[in-house]
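For ligands, and for the atoms within them, numbers begin at 1 and follow the listed sequence.
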Amino acid sequence: MEIGKIKLKHGLFLAPMAGVTDIAFRRMCKKYGAEMVCTEMISSRALCYNDRKTKELARISDGERPCALQIFGNDPGIMAESALLALEFSPDIIDINMGCPAPKIAGNGDGCALMKKPELAYEIVKRVKEALSDKDVPVTVKIRSGWDENHKNAVEIAKLCEKAGADALTVHGRTKDRMYAPPVDMDIIREVKRSVGIPVIANGDVHDAKSALEMFEYTGCDGVMIGRAALGNPYVFAEIVCALEKKEYKKPSRQLVKADIKEHITALVELKGEFIGAREARKHVAWYLKGMPGAPVFRNEVNEAETLAQIKNIIDKAFN
Ligand SMILES: Cc1cc2nc3c(=O)[nH]c(=O)nc-3n(C[C@H](O)[C@H](O)[C@H](O)COP(=O)(O)O)c2cc1C
């Protein structure tokens with residue numbers, strides 16, 4: 001598939017996830033076959049205020065391109081200005097968040113709340129596209145199936161986004177009301193795909209090769225986006241690549257997982273410093289250890305650990 005001039009062999013996307021998809025995690029997913037990764041959502045207002053912490057979230061490193069930068073907000077002018085300001089980080093794509101259900105986002109008129117205001121949604125995409133018209137940076141939009149069961153308007157919003165100039169769309173097949181509850185509605189993704197000419201990336205509950213192939217086949221989508229299944233399991237991308245290339249997939253050895261966890265959390269500490277990095281490493285280690293014998297014990301130990309060296313020692317014990 002292609003988004004602007006960006007060519008992707010399989011159409012495998014890592015979903016943006018606030019508090020998770022930082023540079024260290026994105027690099028790990030790239031290593032195992034994610035073709036396009038994305039920053040976590042970035043406040044358009046905060047970017048315009050030149051907020052230091054926000055700019056840290058927007059940073060993209062060279063080892064992880066192509067990488068999208070996602071912005072959220074509901075003011076077309078501020079969204080357009082922030083898209084321009086975001087170019088400081090050289091994103092390969094600017095993605096617009098129209099899917100976030102969190103009360104502090106959607107309750108503020110941002111994220112999924114934009115789907116309740118189709119004209120505003122259109123205006124935002126149009127203004128962001130206009131702002132970037134001579135910049136050669138594609139604009140994509142991430143939507144849900146709608147606000148609730150009575151307002152499933154993904155097709156209407158998708159058509160408006162396309163009319164406003166969007167270069168691709170991601171559809172998370174759930175309404176805002178359903179948050180993350182299964183099952184995902186593949187029918188609406190298929191309907192969107194049939195209604196627009198731009199590439200459509202399907203999102204929701206893709207967690208292995210089987211579910212990815214099903215999603216491609218049922219919806220006709222151009223790509224699939226994976227979120228929660230990649231937590232502690234960047235290997236999910238390799239599994240899907242193997243299935244798409246009809247190759248045999250071999251699960252990673254314990255030695256490889258152990259080395260990857262260490263690489264991941266070392267990068268986290270390098271990026272964020274030991275105090276924050278070690279604390280953020282705790283949840284990632286817990287995800288990697290999920291399902292392993294003794295995991296709860298090691299997880300408790302990691303939750304007490306304060307330094308990179310301590311966490312590495314616990315990982316050595318867990319994988320011994
Ligand atoms: C912890 C977490 C944080 C998320 N943050 C964002 C975000 O910043 N922007 C966004 O568009 N979606 C966000 N999402 C939604 C995911 O991108 C994705 O649409 C959702 O998890 C469904 O995909 P999955 O079933 O593969 O997890 C988040 C999801 C989770 C679980």
Original post:
Looking only at N/O atoms, are Ala229 and ligand 1 under 3.5 Å apart anywhere?
Top reply: no
Subject >> Identity and distance of the protein heavy atom lying nearest atom 13 (C) of ligand 1 >> reply: Pro16 O, 3.0 Å
Original post:
Would you say the side-chain atoms of Thr266 and Lys312 include a donor-acceptor pair closer than 3.5 Å?
Top reply: yes
Original post:
Among protein heavy atoms, which lies nearest atom 31 (C) of ligand 1, and at what distance?
Top reply: Arg228 CG, 3.7 Å
Original post:
What protein heavy atom sits nearest atom 26 (O) of ligand 1, and how far away is it?
Top reply: Gly227 N, 2.8 Å
Original post:
If you measure every N/O of Ala18 against every N/O of ligand 1, is any gap under 3.5 Å?
Top reply: yes
**OP:** Answer with yes or no whether Gly99 contacts ligand 1, where contact means a heavy atom under 4.0 Å from a ligand atom.
**Re:** no
Subject >> atom 12 (N) of ligand 1: nearest protein contact (heavy atom, Å) >> reply: Lys142 NZ, 3.0 Å
Subject >> Short N or O distance, Met41 and ligand 1, threshold 3.5 Å exclusive >> reply: yes
Original post:
Between Glu214 and Ser211, does any side-chain donor sit less than 3.5 Å from a side-chain acceptor?
Top reply: no
**OP:** Consider every N or O of Asp205 and every N or O of ligand 1, then say whether any pair is closer than 3.5 Å.
**Re:** yes
Original post:
Atom CG of Leu160 and atom CG of Leu120: how far apart are they, to the nearest 0.5 Å?
Top reply: 11.5 Å
**OP:** Look up atom SG in Cys242 and atom CD in Glu248, then write down how far apart they are to the nearest 0.5 Å.
**Re:** 8.5 Å
Subject >> Polar proximity ligand 1 side, Ala15 side, N/O cut 3.5 Å exclusive >> reply: no
**OP:** Could you verify whether a donor N or O on one side chain and an acceptor N or O on the other, from Tyr32 and Asp260, lie under 3.5 Å apart?
**Re:** yes
Original post:
Heavy atom under 4.0 Å from ligand 1: found in Phe72's side chain, backbone, both, or neither?
Top reply: neither
**OP:** Using heavy-atom distances, let me know which of Val171, Asn203, Val20 sits nearest atom 23 (O) of ligand 1.
**Re:** Asn203
Subject >> Closest heavy-atom pair and its distance - Phe25, Asp22 >> reply: N-OD1, 3.0 Å
Original post:
Does one hydrophobic cluster hold both Tyr235 and Leu14, with members joined at side-chain heavy-atom distances below 4.5 Å?
Top reply: no
Subject >> Residue, atom name and distance, where the atom is the protein heavy atom closest to atom 11 (O) of ligand 1 >> reply: Gln70 NE2, 2.8 Å
